[in-house]
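This one's a predicted model, so the numbers in the text were calculated from it and none came from an experiment. Both ligands and their constituent atoms are indexed starting at 1 by order of listing. Just so you know, residue 1 is the first one in the sequence shown, and it goes up from there.
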Amino acid sequence: MADYDVDLFVIGAGSGGVRASRIAAGHGAKVAIAEEYRVGGTCVIRGCVPKKLLVYGAHFAEDLADARRFGWKVPDCEFDWKTLRDNVLAEVSRVSSIYGETLANNKVELIQERAIVAGPHAVKLASGRTVTAKYILIATGAKPDIPDIPGKTYGITSNEAFHLDELPKRIVIAGAGYIANEFAGIFHEFGSQVTLINRTDVILRGYDEQIRDRLLQISSGKGIDFKFHAEIQKIEKKEDGSLLVHVANHDPLPCDVVMFATGRRPLTDLGLETADVALNDKGAIKVDDDNKSTCDSIYAVGDVTDRIQLTPVAIREGQAFADTIFGNKPHRVDYDNVPSAVFSHPPMAGVGLTESRARKKYGSVKVFTSDFRAMKNVLAGRNERALYKMVVHPDTDVVLGLHMIGPDAPEILQAAAIAVKAGLTKQAFDDTIALHPTMAEELVLMR
Ligand code: NDP
């Protein structure tokens, strides 16, 4: 390998890039990784980690209210956004530095500048230096995709939401996917007036219909205003600094902050043409089952390939790449039954086929549901029903999908996803004795 400066050059120190570099280094490769911003990528810096902390912070609004029904004398409480924001950002810095230490401990050279591809085996750094590599891994992730409308620069994205100087009194969120519903819940719990505008009448496309409907019903009941067939057209800034959002089929919406949550676009402005790395029709790097691009020495993992835009998937891809190329342990990521969750209020989670996808694939399927009010919610007087749904193969009894909305649904689903991934039957669930009293016991009591 003496012909190259390094065995592996990774562009992007997010979840996929960091995993790939430390595993490759562990297999004995000489590895360098370039990051133009902070180590950790979207998940750590402006995604999963700070978002989940905001979700925890937001949920205290309900917990404090419910505590009174459990006998606690809770005085009127005030929420201080800046305290939470600063504590969350400090935690982000802590986690980011742990990622940096992990790289150093594994002898991965961290280059803190922008890098682009300059040929099949060459990377050019912002400083002008060129580094040659036997292999290049692109793990640059994605960035918010903002519709090209007049006044779009007045809007923010989830990137900026973590840094707001103050909480908006009124926020309009464009989109109805993961980010829109998670932030709608967060801002609503903090006391903002939230309007979610969506170009169709489908929220969280891809999730089970009944579960999405339950989220819509609960969120609307709490006071989040959903406007459908309301494609965003224009944002106007008024003299007092407030904004006016023009949308199709509805009156203009006055607000203080507009947040775009309209999908994420792979970050591919990287000189890829110098190595004939092709993009697919979604603008993502085209890769084969082993994460190899159309250039034999260049690979890509994570959101930049737009297969499934989830951190644990990027991590698995990074691991598979490093083990296959440097560890003599070839393996591929299995994309079947990948669990996912939306950290809304309440959260939802799912694994496997939705009812409609299962019907399309198998014709008829058996569906079992449990529609219940969590014990805690009953005493709290919180009229919020959980819904668990199991989709079962008509002949083999194998559980094809599990979908849930309710308190702690993602925590419960992660464990149940093992059973679905293992191909267990509904009978196996039924044979398991309930753990009482829990919400999760509904999984083994569905009739
Ligand atoms: P999503 O793909 O989940 O949702 C995008 C939303 O924006 C959809 O409602 C879509 O409508 C709408 N939309 C897209 N383009 C336009 C447009 N031009 N004008 C108006 N509306 C538009 O993307 P997010 O941005 O919410 O999240 C990006 C990805 O990040 C997710 O797909 C997910 O993989 C990941 N993520 C995961 C989280 C988790 O695991 N909990 C949390 C946050 C993000 P339509 O349905 O009509 O296309």
Just go through Gly47, Pro312, Gly175, Cys43 and tell me whose heavy atom is the nearest to atom 12 (C) of ligand 1.
Gly175
Check: of Arg264, Glu231, Glu182, Lys52, min heavy-atom distance to atom 28 (C) of ligand 1 comes from Arg264
Could you tell me the residue and atom name of the protein heavy atom closest to [atom], and the distance to it rounded to 0.1 Å?
| atom | result |
| --- | --- |
| atom 34 (O) of ligand 1 | Gln309 O, 2.8 Å |
| atom 11 (O) of ligand 1 | Arg199 NE, 3.5 Å |
| atom 8 (C) of ligand 1 | Ala176 N, 3.9 Å |
| atom 40 (O) of ligand 1 | Leu310 CD2, 3.4 Å |
| atom 45 (P) of ligand 1 | Arg205 NH2, 3.4 Å |
| atom 21 (N) of ligand 1 | Thr262 CG2, 3.5 Å |
| atom 37 (C) of ligand 1 | Tyr178 CD2, 3.4 Å |
| atom 1 (P) of ligand 1 | Gly177 CA, 4.0 Å |

Between [X] and [Y], does any side-chain donor sit less than 3.5 Å from a side-chain acceptor?
| X | Y | result |
| --- | --- | --- |
| Lys169 | Gln193 | no |
| Asp240 | Ser242 | yes |
| Thr42 | Arg264 | yes |
| Thr157 | Glu160 | yes |
| Ser93 | Arg38 | yes |
| Asp323 | Gln319 | yes |

Within a distance under 4.0 Å of any heavy atom of [X], pick out the atoms of ligand 1 and give their elements.
| X | result |
| --- | --- |
| Ala341 | 39 (C), 40 (O), 41 (N) |
| Asn198 | 9 (O) |
| Lys51 | 41 (N), 42 (C) |

List the atom of Val287, the atom of Asn291, and the distance in Å for their closest heavy-atom pair.
CG1-O, 3.4 Å
For the residue pair Val55 and His345, establish whether any side-chain heavy-atom pair is separated by less than 4.5 Å.
yes
Are any non-hydrogen side-chain atoms of Val44 and Val95 less than 4.5 angstrom apart?
yes
How about NZ on Lys366, more than 12 heavy atoms from neighbouring residues, nucleotides or ligands closer than 6.0 Å, or not?
yes
contact_flag [X] ligand 1 heavy-atom lt 4.0 Å:
| X | result |
| --- | --- |
| Ala261 | yes |
| Gly263 | yes |
| Ile232 | no |

How are the rings of Phe183 and Phe162 set to each other: parallel, tilted or perpendicular (split at 30° and 60°)?
perpendicular
When only distance counts, is Phe343 in polar contact with ligand 1, meaning an N/O pair under 3.5 Å?
no
